[in-house]
Colleague: 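One structure, pasted below without further comment.
We name chains A, B, ... by the order of the sequence lines, and we start the count at 1 in each one.
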2 protein chains.
Amino acid sequence: MVGTVGIVGLGLIGGSLARRLVSRGVTVVAWNHRPHPYDEAEADGIRCKSALAELMNAHPDVLILCNPLKAMPAILRELRPLLADHPDTTLTDVGSVKGMVREQVVAAGLGAWYVGAHPMAGNELSGWRAADPHLYDDALWAVTVDETTAYRRFFAVASLIVEGVGNRIIVLDDETHDKAAAMISHMPHVVSTALINELTSNPDRNVAAALAAGSWRDMTRVALTDPDRTRAMVEEDALNVEVLLRHMAARLNAVADQLHTGNQVALSEFFAAGDPFRRYKASMKSADEFTKQELEIPEAGWQQTLLFSARRGEAIVGFINPRQAVVQQRPAVQ
Amino acid sequence: MVGTVGIVGLGLIGGSLARRLVSRGVTVVAWNHRPHPYDEAEADGIRCKSALAELMNAHPDVLILCNPLKAMPAILRELRPLLADHPDTTLTDVGSVKGMVREQVVAAGLGAWYVGAHPMAGNELSGWRAADPHLYDDALWAVTVDETTAYRRFFAVASLIVEGVGNRIIVLDDETHDKAAAMISHMPHVVSTALINELTSNPDRNVAAALAAGSWRDMTRVALTDPDRTRAMVEEDALNVEVLLRHMAARLNAVADQLHTGNQVALSEFFAAGDPFRRYKASMKSADEFTKQELEIPEAGWQQTLLFSARRGEAIVGFINPRQAVVQQRPAVQ
């Protein structure tokens, strides 16, 4: 069911994806803004092209933009006339913020071709040299749609991820995705950076660094990744990150007040408030296998059906046919 | 040079330490408030005693309190008359907050026997069952002294750690230790807990939990440890944690403001401010071996000499004689 896949950008995310798809028997054509990875990529079975027009001549069923977000407007401009000649190619991307990408895609006149995607995969490395098909092992992708999305476009991307990449997906609207990504990634990146800034400004920073053990290492690992990349990611999701940073600041000031006044009841409540997440993690750990069930996808309102499924903690792990998905139920945070 | 060691409390920290010392040929006598670990501990070569008085009859050169902090006052009361009969036994402990323990020790009339210690070792487990001598592999200990500390007491503890346990030490006053521990452990534990509280209160918590990947997992791992133990640790270091939480809240609100107004210069500065810590981590990673040198320890002002050594990023890794230490120079945060 998975046809030819086009990949734009052979960095960590795009290169890993290309190598994984090829290793699973999918035909992959690729273009990179500089040809330096081409010799190795060709040796891996990736068919590298010298221009986007040449890439489109291979008639990819799905074209995945894995380029940096700052290159997006120029690439979309170049793709506009090419995709006009390829109405059956579906356009997707792997950016970590979905609302902004859709705006750019729509501005380029390519909204009708587009479905958003965001694989929850990555590490502190970057570039083709770090590309590793195992980066996608057991990964979950968010696939984002809106009310204008044609179901066949969604299904092209969803079946590629489930069958081609062998991953799970949840379907969201852009706003729900960007708020959730701010919660579990973008805002925590700022918090981690604030921690290393606090240590750097501490007069006894060398003593503190010497004493640092596992908790410090874990909480500051993401602050060691390329700060420019982190800043760009945070700026793209600025509204959602701003709200969460103010919430976090209020929580930390509240604990400071409770420590100041010795309010043990409030402190106990603070340390217990996360128990639903602790129970969720414990049940994830103890689950041998997650329950699977079938989900009918209606023609009208399919976006809502799939969003509600995601909110129940379900993820799509397969398709019996285009209107019947297999979903896996994971524990809920409750 | 290492004589008999007495250990009070065979939990994760005390049990691991006892097992490590025995495996390195040190004679260990131990007492636990309940005898349930005794069969296994005896099989490991740890000589278990049914009462503190019996433990003291083994004439330990160093007695290490590894009991929970809440048991400290009662144990110190019981030890007072026993240590009066054993003036040569040096008393130490492994608590994560040093100022409060010293206050309790002094209040019990045992200040003259005491040197503080805090091994930077631990994990999310607890109890004898989790005891593992490898917990101390390559660990650094903070040893805390004040102007009244007798050098021979300090040397008894320091040489036990360096030769008996095979670890490194830095020497600090209680306040410097407690501020640094608040910086790299106690405050970050609150931040981690605030993160899981924020997710738990998020209406789309199941979507967020599904999207959570490496950065979230790392930043919330410590929030999954026993919240009561974390609360106790934070309350014991309340003054220092309070100050750092207010700093962190101010940093997060400042970034929220910068995102709100789109102040890219200030955002760039925020993301670059931690560069000294990033360079420190990079140089720690690339260092093949750390430079070693000798450090003379004077009779007068030895506390200051050793504190300054710690502030330069040095750690004691051995003793040539009681007045000559071998220190290892680690990179500085600069």
Colleague: Does some side-chain heavy atom of N206(B) sit less than 4.5 Å from a side-chain heavy atom of R312(A)?
Modeller: no
Colleague: Quick one: what part of N253(A) sits under 4.5 Å from any heavy atom of chain B, side chain, backbone, both or neither?
Modeller: both
Colleague: With a 4.5 angstrom heavy-atom cut-off, could you sort out which part of Y280(B) is near chain A: side chain, backbone, both or neither?
Modeller: side chain
Colleague: Would you compute the distance between atom CZ of R279(B) and atom OG1 of T200(A) and round it to the nearest 0.5 angstrom?
Modeller: 9.0 Å
Colleague: Which bit of L172(A) comes within less than 4.5 Å of chain B, counting heavy atoms only: side chain, backbone, both or neither?
Modeller: side chain
Colleague: Under a 4.5 Å heavy-atom cut-off, does chain A meet the side chain of L199(B), its backbone, both or neither?
Modeller: both
Colleague: Is L267(B) in contact with chain A via its backbone, its side chain, both, or neither, using a 4.5 Å heavy-atom distance?
Modeller: both
Colleague: Name the region of N197(B), side chain, backbone, both or neither, that has any atom closer than 4.5 Å to a heavy atom of chain A.
Modeller: both
Colleague: With a 4.5 angstrom heavy-atom cut-off, is it the side chain or the backbone of M284(B) that approaches chain A, or both, or neither?
Modeller: neither
Colleague: With a 4.5 angstrom heavy-atom cut-off, which part of R217(B) approaches chain A: side chain, backbone, both or neither?
Modeller: side chain
Colleague: Is chain B contacted by the side chain of T225(A), its backbone, both, or neither, given a heavy-atom distance below 4.5 Å?
Modeller: backbone
Colleague: Let's go through D228(B) and F271(A) carefully: what are the C-alpha distance in whole Å and the side-chain angles of both, what is the deciding distance for side chain to side chain contact (heavy atoms under 4.5 Å, CB included) to 0.1 Å, and is it a yes or a no?
Modeller: CA-CA 7 Å; D228(B) 286 330; F271(A) 280 101; 6.0 Å; no
Colleague: Checking heavy atoms, do the side chain of V190(B), its backbone, both or neither come under 4.5 Å from chain A?
Modeller: both
Colleague: Side chain, backbone, both or neither: which part of R221(B) has an atom under 4.5 Å from a heavy atom of chain A?
Modeller: side chain
Colleague: Given a strict heavy-atom distance threshold of 4.5 Å, which part of R246(B) is in contact with chain A: side chain, backbone, both, or neither?
Modeller: both
Colleague: Looking only at heavy atoms, which two atoms of A210(B) and L140(A) are closest? And how far apart?
Modeller: O-CD2, 3.6 Å
Colleague: Check each atom of I170(A) against the heavy atoms of chain B and say whether the ones under 4.5 Å are side chain, backbone, both or neither.
Modeller: side chain
Colleague: In terms of heavy-atom pairs under 4.5 Å with chain B, which of A213(A), P276(A), P188(A) leads?
Modeller: P188(A)
